[in-house]
Each structure stands twice: as C-alpha cells, then as structure tokens.
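Accompanying notes for the structure given below.
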Amino acid sequence: MLLVWDAPNMDMGLGAILGGRPTAAHRPRFDALGRWLLSRTADVSGTTPASDGPIEPEATVFTNIVPGSAEVVRPWVDALRNVGYAVFAKPKLADDTDVDSDMLDHIELRRHTVGLAGVVVASADGQAFREPLVEIAAEGVPVTVIGFREHASWALTSEELEFVDLEDIPGVFREPLPRIGLDSLPDDGAWLTPFRPLSALLR
C-alpha cells in the first residue's frame, strides 16, 4: 500500500488556502496521516486472500531542497523519517526542477516489483498524475488522491479515482483550515480577509 506525498505541490495548495506560510496549527501532522494509511492498509488486507501474503504500508515524502536551506529543512526531514516515512530529497537547481517524475518512477518501480495493493498520491497536479493513476486504477488497483478540494477538481470529479480531502483525515490539522470558498458561502455572507496588507503596494 503505497503513499507518495508531493511536498512542493501540497505546500503550495496549503499556502493558497491560508494566504501565507502555515503556522504550527495548520501544518499537516504526518503521524495522523500515517495512522490513516495503516487503517487503510488493514482494510485492504481484510479483503485480500491470505495466500497473497501480508500487505505492507510504505510512505514516502518527495521534496525539493533549495540550496542553502538544508539546516532549516533538516529537522522536518528527520521528524518524517522518525515517524516511519522515507524521504526523497532533490536539490532545487532551477524553477522547473520538480519531483513529479521521481514520484511516477517510484510508483512504477513498486508496481512492477513488489506489486501494488493500493496507491495514495497526495498532490493536486492533475497534469502529471491523472493519466498514470487512471491507468493503474483500470488494472483494478484502488487509487486514492489526497489534496484540497479547491485545487483537485480533476480527482474530485473522476469516476476511476477516489478523492480524500486532507482536512477530512482525522487529526491531520490541529485547527480547522480557514476555508471559505465562493462556492460554499454561509447564507448571511462571509468576510474574505486580504492575503497581504494594502501597504505592500508601496514596497
């Protein structure tokens, strides 16, 4: 049961919802995500013949490391590894350096070696992932996309893929995200605060 987490993409999606960098209350808790994956693995194991052997969960976070930021990022990477995640870290050498191809290569490697009982991809990048994931789902492998409903309509509306909003996974966020979308306004209206102060125009 393979989980791959697209850290640059998920960070960007969370930043767009928050209108800035997340505080501790709005950083995803990877231990809660890990417990969710273990539960998901147990559910799939319960429907698989014992002769196929036990289903092992595996989770990897894929991330870019901007040169000079290693000291800042190291505690986060160490914390992930301490919880049980593998981390694939790639230097951010250019604006278009991303980890999408590395994630897809890893999925393919697991698919053609140990085999996949299920795939969970945390990313809103439909351009990179939609077709390969639909192809895997067509083989009968359950495929889940984790993301934010505001940014992953390609997965939300797909008949082949299951979509799980990250905030719906128990315990991932300590506090609710400030999500008021134009398509889900309360009847009495809502204040949408600015993403940055007006004085930023003078800078």
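No side-chain heavy atom of Thr60 sits under 4.5 Å from any side-chain heavy atom of Tyr85. For the pair Met103 and His106, the minimum side-chain heavy-atom distance is 4.5 Å or more. Within the 4.5 Å cutoff, the side chain of Phe30 has heavy atoms near those of the Trp76 side chain. For the pair Phe148 and Met10, the minimum side-chain heavy-atom distance is below 4.5 Å. In this structure the side chain of Val145 reaches within 4.5 angstrom of the side chain of Trp154, judged on heavy atoms. Considering only heavy atoms from C-beta on, Glu162 stays 4.5 Å or farther from Val143 through its side chain. Annotation: side chain of Arg29 is not in contact with side chain of Phe173 (no heavy-atom distance under 4.5 Å). Proximity of Val4 to Ser123: side-chain heavy atoms (C-beta onward) are nowhere separated by under 4.5 Å.
With salt bridges taken as basic N to acidic carboxylate O contacts below 4.0 Å, one links Arg35 and Asp31.
Residues Met1 and Trp36 share a hydrophobic cluster, clusters being chains of Ile/Leu/Val/Met/Phe/Trp/Tyr side chains in contact below 4.5 Å. Linking Ile, Leu, Val, Met, Phe, Trp and Tyr residues whenever their side-chain heavy atoms come within less than 4.5 Å places Phe163 and Val141 in a single cluster. Put simply, Val119 and Val44 are part of two different groups of oily side chains (I, L, V, M, F, W, Y) that touch within less than 4.5 Å, one to the next. The hydrophobic clustering, which links ILVMFWY residues whose side-chain heavy atoms are closer than 4.5 Å, places Leu3 and Phe88 apart. Cluster membership check: Leu33 shares its hydrophobic cluster with Leu80, using side-chain heavy-atom separations under 4.5 Å among Ile, Leu, Val, Met, Phe, Trp and Tyr.
Listed by first and then second residue, the salt bridge (Lys or Arg N to Asp or Glu O under 4.0 Å) pairs involving residues 124-144 are Arg111-Glu135, Arg111-Glu139 (not counting sequence neighbours). Counting only residues at least two apart or in different chains, side-chain hydrogen bond (donor to acceptor under 3.5 Å, both in side chains) contacts with residues 17-26 are absent. Within the structure, salt bridge (Lys or Arg N to Asp or Glu O under 4.0 Å) contacts touching residues 4-18 (residues at least two apart or in different chains) do not occur.
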* Step-by-step side-chain contact (heavy atoms from CB on, under 4.5 Å) determination, Asn64 to Val99 -> CA-CA 7 Å; Asn64 287 126; Val99 290; 3.8 Å; yes

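Rounding to the nearest 0.5 angstrom, the gap separating the CG atom in Asn9 from the OG1 atom in Thr63 is 11.5 Å. Note that CD1 of Ile17 and CE of Met12 are 11.5 Å apart. Values are rounded to the nearest 0.5 Å.
In this structure Pro142 satisfies the side-chain contact (heavy atoms from CB on, under 4.5 Å) test with no other residue, sequence neighbours excluded. Residues satisfying the salt bridge (Lys or Arg N to Asp or Glu O under 4.0 Å) criterion with Arg110, sequence neighbours excluded, are Glu58. Contacts of Ser158 classified as side-chain contact (heavy atoms from CB on, under 4.5 Å), with partners at least two apart in sequence or in another chain: Glu160, Leu161. In this structure, the salt bridge (Lys or Arg N to Asp or Glu O under 4.0 Å) partners of Asp165, at least two apart in sequence or on a different chain, are Arg149, Arg179. Residues forming a salt bridge (Lys or Arg N to Asp or Glu O under 4.0 Å) with Asp102 (at least two apart in sequence, or on another chain): Lys90. Partners of Phe129 under the ring-ring contact (aromatic ring centres under 6.0 Å, His included) rule, at least two apart in sequence or in another chain, do not exist in this structure. For Arg81, there are no salt bridge (Lys or Arg N to Asp or Glu O under 4.0 Å) partners two or more places apart in sequence or in a different chain. Ala138 meets the side-chain contact (heavy atoms from CB on, under 4.5 Å) test with no other residue; sequence neighbours excluded. Among residues two or more places apart in sequence or in another chain, the side-chain contact (heavy atoms from CB on, under 4.5 Å) test is passed with Ser69 by Ile65, Val66, Val73.
Pro170 and Ala32 make their closest contact through O-CB, 3.6 Å (heavy atoms, listed as atom of the first residue, atom of the second, distance).
With Val121 as reference, Ile107 is the one residue of Leu104, Ile107, Thr144 to meet the side chain to side chain contact (heavy atoms under 4.5 Å, CB included) rule. For the pairing with Ile146, the side chain to side chain contact (heavy atoms under 4.5 Å, CB included) check across Val172, Asp168, Val120 returns one residue only, Val120.
Side chain of Glu167 to backbone of Leu177: a donor-acceptor contact under 3.5 angstrom is found.
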